[in-house]
Chemist: 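Quick one: this structure, given as C-alpha cells, is what I'll be asking you about.
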There are 2 protein chains.
Amino acid sequence: MTSELKEKIIETSLALFEKHGFHGVTVKDIVEACGTSKGGFYHHFQSKDELLYVIHDKFISYVLTKAHQAKDTYDTPTLQLYAIIQSFVKVFDLYKPHISVFYQESLYLKPRFDHLIKKKRDQYKKILFDVIRNGQEKGEFRKELVAEITGMSILGMVNWTHKWYKRDGEKTIEEIAAIFADIILNGILTEDAKERYHPLLHQSPVMKNQF
Amino acid sequence: MTSELKEKIIETSLALFEKHGFHGVTVKDIVEACGTSKGGFYHHFQSKDELLYVIHDKFISYVLTKAHQAKDTYDTPTLQLYAIIQSFVKVFDLYKPHISVFYQESLYLKPRFDHLIKKKRDQYKKILFDVIRNGQEKGEFRKELVAEITGMSILGMVNWTHKWYKRDGEKTIEEIAAIFADIILNGILTEDAKERYHPLLHQSPVMKNQF
DNA sequence: GTATATAGACCGACTGGTTGGTCTGTACCA
DNA sequence: TGGTACAGACCAACCAGTCGGTCTATATAC
C-alpha cells in the first residue's frame with residue numbers, strides 16, 4: 001500500500017533534517033536528494049508539515065505501544081516502570097533521526113555565534129563531569145555509574161524543566177530543585193555517603209535559597 | 001551604556017519567540033512590537049542571529065558563574081553537586097523565556113498535526129504518571145516525591161539522550177538504559193522495595209533485551 | 001551666546017533571493 | 001478510456017538585510 005517513493009522521501013528527508021534541521025531543508029532539497037520532483041512530493045504529502053507528522057508518529061507510536069505492553073505484562077509498578085524506561089531509551093537507538101528532528105535545536109546560527117555558544121556549554125559540562133568523577137574517586141558517588149552518562153542524565157532531567165515549569169504553578173522552584181536533588185543524590189550516592197549527607201537527601205531545607 | 005531600545009528589543013523579542021518560536025517571528029514583527037524600525041534593530045544587532053546569541057549568553061553565563069561558585073564554596077563533591085543542581089534548576093525560574101527559545105521545539109506545525117501529536121504525547125505521559133502514582137499507593141515508590149515532577153524528571157532524563165547518544169559509541173543502548181533505570185529506581189524506591197527488587201537496581205541484565 | 005561641525009541613534013522604502021505550494025502536462029497501467 | 005503517479009515550470013508571498021537619509025545632542029570655535 002505504502003508507495004516506494006513515499007518511503008524514500010521520508011528516509012531521505014530524515015537524513016537531511018538531522019544534518020540541517022527542519023527549517024534548514026527546503027522541499028526542493030528533499031526532492032532533489034530523492035531524484036524526484038515537487039509533483040512527486042505533493043502527490044504523497046499535503047504539505048511539508050504532514051511529512052513531519054508522519055515522522056513523529058513513527059516513534060511516538062512505538063513507545064506508546066511498548067508502554068501499554070509494559071503495563072499489561074508486569075503487575076507491579078516497579079517492574080512496569082523499569083520496562084517503560086527500557087523501551088523509552090531503546091527508541092533512541094531505533095529512531096534517533098526521527099526524534100532529532102523534533103528535539104534538536106533547529107536554530108543553526110552563523111558559525112561565529114554557534115561557536116561561542118558551544119564553548120560555554122562545554123565549560124559547564126566539564127565542571128559537572130569533574131564534580132561527578134571527583135565524587136567517585138572520593139567514594140561518595142557509586143563508581144559503577146558511568147560519569148558521563150550520569151552527567152547527561154542530570155543535564156536532561158533539569159533542562160526538560162522548561163517544558164512544564166510555571167512560575168505560578170503548584171511547586172516553587174526551590175521545591176522542584178529539592179526533589180531533583182533528592183532523586184539524583186539517592187540515585188548516585190554510596191550507602192556511606194547517604195548516611196553522611198542524610199539531611200540533603202530528603203528535601204531538607206538546609207541549603208534552601210543559598211543559590 | 002546599554003541603550004534603552006536594545007533592552008526593549010531583547011525583552012520584546014523574547015516574548016514573541018516564546019509564543020511563536022525563533023523561526024516564527026520576523027525582524028519586522030519584532031520592530032513593530034517595539035515601535036521601532038529595521039534601522040533601529042540593525043543599529044544594535046548585526047543580525048537576527050546576534051540577538052539570539054545575546055539571549056543565550058544571559059542564562060548560560062549565569063549558570064556557569066554559579067557552578068564555579070559551587071565548586072569554590074564547598075569542598076566535597078556531594079555538596080558541590082547539590083549546589084550545582086540548585087542553581088541549575090533556579091535558572092529556569094529566572095530565565096525561562098531565554099531558555100525556551102533554545103530548547104523549545106520551534107516547529108509550529110499547522111494546528112491539525114500539532115493536535116494529533118500532542119494527543120499521543122499526553123497519552124504517554126498519562127501512562128507514566130499512572131504507574132508512578134500506583135507505585136506510591138502500593139508503597140513501592142517514596143510518597144514524598146511528587147509524582148508529576150518525578151515523571152517529568154524521567155521524561156527529561158531520557159529525552160535528552162538524543163543529544164549525545166551515538167550508535168557506535170562506547171556504551172550500548174541497553175547499558176545506557178540500565179544506568180538510567182538504576183539511577184531512577186535507586187532514587188525513588190522505598191527501602192522495602194529496594195530489597196525486594198534488588199536484582200534490578202544494579203544494572204543487572206535480568207530483563208535485558210526484553211524490550 | 002550663537003553658529004557650525006560631528007557623531008550616534010534611528011527611520012523605512014527597497015532589494016535580491018528564497019520558498020512552499022500550484023497547475024498543467026504526460027507517461028503508464030488496468 | 002480513465003485514473004493514478006509523477007514531472008517541472010511557474011507564482012505569489014515573504015523576509016533578512018541594506019542604504020541613503022533625518023533628527024537630536026553635544027562639542028568646538030569664535
Side-chain angles (χ1 to χ4, degrees), chain A residues 1-56 101-102 105-114 116-117, chain B residues 1-56 101-102 105-114 116-117:
Chain A
M1 192 58 230
T2 314
S3 121
E4 214 171 284
L5 178 59
K6 185 167 180 177
E7 281 307 313
K8 191 172 183 187
I9 289 174
I10 294 174
E11 211 177 306
T12 309
S13 67
L14 227 30
L16 292 173
F17 288 155
E18 201 174 15
K19 252 194 202 153
H20 309 108
F22 183 71
H23 291 285
V25 178
T26 68
V27 176
K28 190 174 164 247
D29 293 338
I30 295 169
V31 298
E32 274 173 8
C34 282
T36 180
S37 62
K38 284 283 190 83
F41 183 93
Y42 283 98
H43 180 72
H44 292 289
F45 301 95
Q46 321 176 5
S47 64
K48 205 184 167 194
D49 275 11
E50 196 195 338
L51 169 60
L52 201 60
Y53 168 72
V54 171
I55 289 171
H56 184 272
V101 179
F102 277 82
E105 291 157 58
S106 50
L107 294 175
Y108 290 88
L109 297 178
K110 294 200 179 101
R112 198 191 131 206
F113 296 115
D114 191 54
L116 288 170
I117 282 177
Chain B
M1 192 59 229
T2 315
S3 117
E4 214 172 283
L5 178 60
K6 187 167 180 178
E7 282 306 314
K8 191 172 182 186
I9 289 174
I10 295 174
E11 211 178 305
T12 310
S13 68
L14 227 30
L16 291 174
F17 289 154
E18 201 175 14
K19 252 194 200 152
H20 310 107
F22 184 71
H23 291 285
V25 177
T26 69
V27 175
K28 193 176 161 246
D29 292 337
I30 295 168
V31 298
E32 275 174 7
C34 282
T36 179
S37 62
K38 281 281 187 85
F41 182 93
Y42 283 98
H43 180 73
H44 292 289
F45 302 96
Q46 318 176 9
S47 63
K48 206 184 165 193
D49 275 10
E50 195 195 339
L51 170 59
L52 202 58
Y53 168 73
V54 171
I55 289 171
H56 184 271
V101 179
F102 277 81
E105 292 155 59
S106 52
L107 295 175
Y108 290 87
L109 298 177
K110 294 200 179 106
R112 198 191 131 204
F113 297 115
D114 191 55
L116 288 169
I117 283 176

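Lettering of chains follows the sequences in order, A, B, ..., and the numbering in each one begins at 1.
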Chemist: Check ring pair (Phe, Tyr, Trp, His ring centres under 6.0 Å) between B:Tyr53 and all other residues, then give those that pass, not counting sequence neighbours.
Modeler: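 Once residues adjacent in sequence are excluded, the partners of B:Tyr53 under the ring pair (Phe, Tyr, Trp, His ring centres under 6.0 Å) criterion are A:Phe113.
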
Chemist: A:Thr12 side chain to A:Ile9 main-chain N or O, any donor-acceptor pair under 3.5 Å?
Modeler: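 The answer is no, because no donor-acceptor pair under 3.5 Å joins these two groups.
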
Chemist: For B:His56, what residues pass the ring pair (Phe, Tyr, Trp, His ring centres under 6.0 Å) criterion, not counting sequence neighbours?
Modeler: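 If we apply the ring pair (Phe, Tyr, Trp, His ring centres under 6.0 Å) test to B:His56, skipping adjacent residues, the hits are B:Phe59, B:Phe102.
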
Chemist: For a 4.0 angstrom threshold against heavy atoms of chain A, report the outermost contacting nucleotides of DNA chain D in 5' to 3' order.
Modeler: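 That gives a stretch of D:dA5 to D:dG17.
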
Chemist: Got a sec, which pairs hit salt bridge (Lys or Arg N to Asp or Glu O under 4.0 Å) with one end in residues 24-42 of chain A, sequence neighbours left out?
Modeler: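 Listed by first then second residue: A:Lys28-A:Glu32.
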
Chemist: Quick one: side chain to side chain contact (heavy atoms under 4.5 Å, CB included) partners of A:Ser37, sequence neighbours excluded?
Modeler: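 For A:Ser37 there are no side chain to side chain contact (heavy atoms under 4.5 Å, CB included) partners, ignoring immediate neighbours.
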
Chemist: Restricting both atoms to N or O, compile the protein contacts to nucleotides 10-14 of chain C shorter than 3.5 Å, with distance only.
Modeler:
from: C:dC10; atom 1: OP2; to: B:His44; atom 2: NE2; distance (Å): 2.6
from: C:dC11; atom 1: OP2; to: B:Thr36; atom 2: OG1; distance (Å): 2.5
from: C:dC11; atom 1: OP2; to: B:Ser37; atom 2: N; distance (Å): 3.1
from: C:dC11; atom 1: OP2; to: B:Ser37; atom 2: OG; distance (Å): 2.9
from: C:dC11; atom 1: O5'; to: B:Ser37; atom 2: OG; distance (Å): 3.3
from: C:dG12; atom 1: N7; to: B:Gly39; atom 2: N; distance (Å): 3.3
from: C:dG12; atom 1: O6; to: B:Gly39; atom 2: N; distance (Å): 3.2

Chemist: Could you pick out which residue, A:Gln46 or A:Thr26, lies toward the 5' side of DNA chain C when each is mapped onto its nearest nucleotide?
Modeler: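 The residue whose closest nucleotide sits nearer the 5' end is A:Thr26.
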
Chemist: Can you name the side chain to side chain contact (heavy atoms under 4.5 Å, CB included) partners of A:Ala15, sequence neighbours left out?
Modeler: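 Not a single residue meets the side chain to side chain contact (heavy atoms under 4.5 Å, CB included) criterion with A:Ala15.
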
Chemist: State whether the side chain of B:Lys48 and the backbone N or O of B:Phe22 hold a donor-acceptor pair below 3.5 Å, judged by distance alone.
Modeler: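 The answer is yes, because a donor-acceptor pair under 3.5 Å joins these two groups.
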
Chemist: Please list, chain by chain and in numerical order, all residues satisfying ring pair (Phe, Tyr, Trp, His ring centres under 6.0 Å) with B:Phe41, sequence neighbours excluded.
Modeler: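 By the ring pair (Phe, Tyr, Trp, His ring centres under 6.0 Å) rule, B:Phe41 matches B:Phe45.
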
